[in-house]
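Structure first, commentary second.
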Amino acid sequence: MMIYNLMLVVVMFFIGNMIFVSKHKHLLIILLSLEFIVLSIFFFFLLYLSYSNYDMYMLMVFLVFTVCEGALGLSILVSMIRTHGHDYFQSFNLL
């Protein structure tokens, strides 16, 4: 049963990375794929810590950093939409 869960985590991680690489034009899709990757890493930590009978304190620290990352990404998205009107990266001039 542990092998199936681990394979699920690996598939989730690679699907999140494939979406992150292929859909790099919109910020909202990038943020959603990053949250999917973080969810797969959280599931891996949960499996590892429960299998080895460690304390779950590290999961709480990981979730705090995940929430901070999500809030920062959403604030960047809101400020980009307020200033430019969309989240499409191809129309920005970075120079």
Can you name the residues that form a side-chain contact (heavy atoms from CB on, under 4.5 Å) with [X], not counting sequence neighbours?
| X | answer |
| --- | --- |
| Phe65 | Val61 |
| Phe44 | Leu6, Val9 |
| Tyr51 | Met2 |
| Ile15 | Val11, Ile19, Phe36 |

Closest non-hydrogen atom pair between Ser33 and Gly16, with its separation: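 Here Ser33 and Gly16 meet closest at CB-O, 3.8 Å.
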
Minimum heavy-atom distance Leu59-Leu49, with the two atoms named: CG-CD1, 3.9 Å

Hey, could you give me the [atom1]/[atom2] distance between [X] and [Y], rounded to the nearest 0.5 Å?
| X | Y | atom1 | atom2 | answer |
| --- | --- | --- | --- | --- |
| Phe42 | Glu35 | CZ | CD | 12.5 Å |
| Leu32 | Phe20 | CG | CZ | 12.5 Å |
| Asn17 | Ser22 | CG | OG | 10.5 Å |

Cluster check Val67, Ile37: I/L/V/M/F/W/Y, side chain < 4.5 angstrom: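 Shared cluster, no.
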
Shared hydrophobic cluster, Val10 / Met18 (ILVMFWY, side-chain heavy atoms < 4.5 Å): no

Set of ring pair (Phe, Tyr, Trp, His ring centres under 6.0 Å) partners for Phe45, sequence neighbours left out: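 For Phe45, the residues satisfying ring pair (Phe, Tyr, Trp, His ring centres under 6.0 Å) (neighbours in sequence not counted) are Phe62.
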
Note, Phe43 side chain near Leu8 side chain (heavy atom, < 4.5 Å): yes

Among Leu39, Leu34, Ile41, Val38, side-chain contact (heavy atoms from CB on, under 4.5 Å) partner for Thr66: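 Of Leu39, Leu34, Ile41, Val38, side-chain contact (heavy atoms from CB on, under 4.5 Å) with Thr66 is met by Val38 alone.
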
CE/Met56: more than 12 non-hydrogen atoms of other groups inside 6.0 Å: yes

Please output the side-chain donor-acceptor pairs of residues 69-83 that fall under 3.5 Å, not counting sequence neighbours, one pair per line with the distance.
{"residue": "Ser75", "atom": "OG", "partner": "Ala71", "partner atom": "O", "Å": "3.4"}
{"residue": "Ser75", "atom": "OG", "partner": "Leu72", "partner atom": "O", "Å": "2.7"}
{"residue": "Ser79", "atom": "OG", "partner": "Ser75", "partner atom": "O", "Å": "3.3"}
{"residue": "Ser79", "atom": "OG", "partner": "Ile76", "partner atom": "O", "Å": "2.9"}
{"residue": "Thr83", "atom": "OG1", "partner": "Ser79", "partner atom": "O", "Å": "3.0"}
{"residue": "Thr83", "atom": "OG1", "partner": "Met80", "partner atom": "O", "Å": "3.3"}

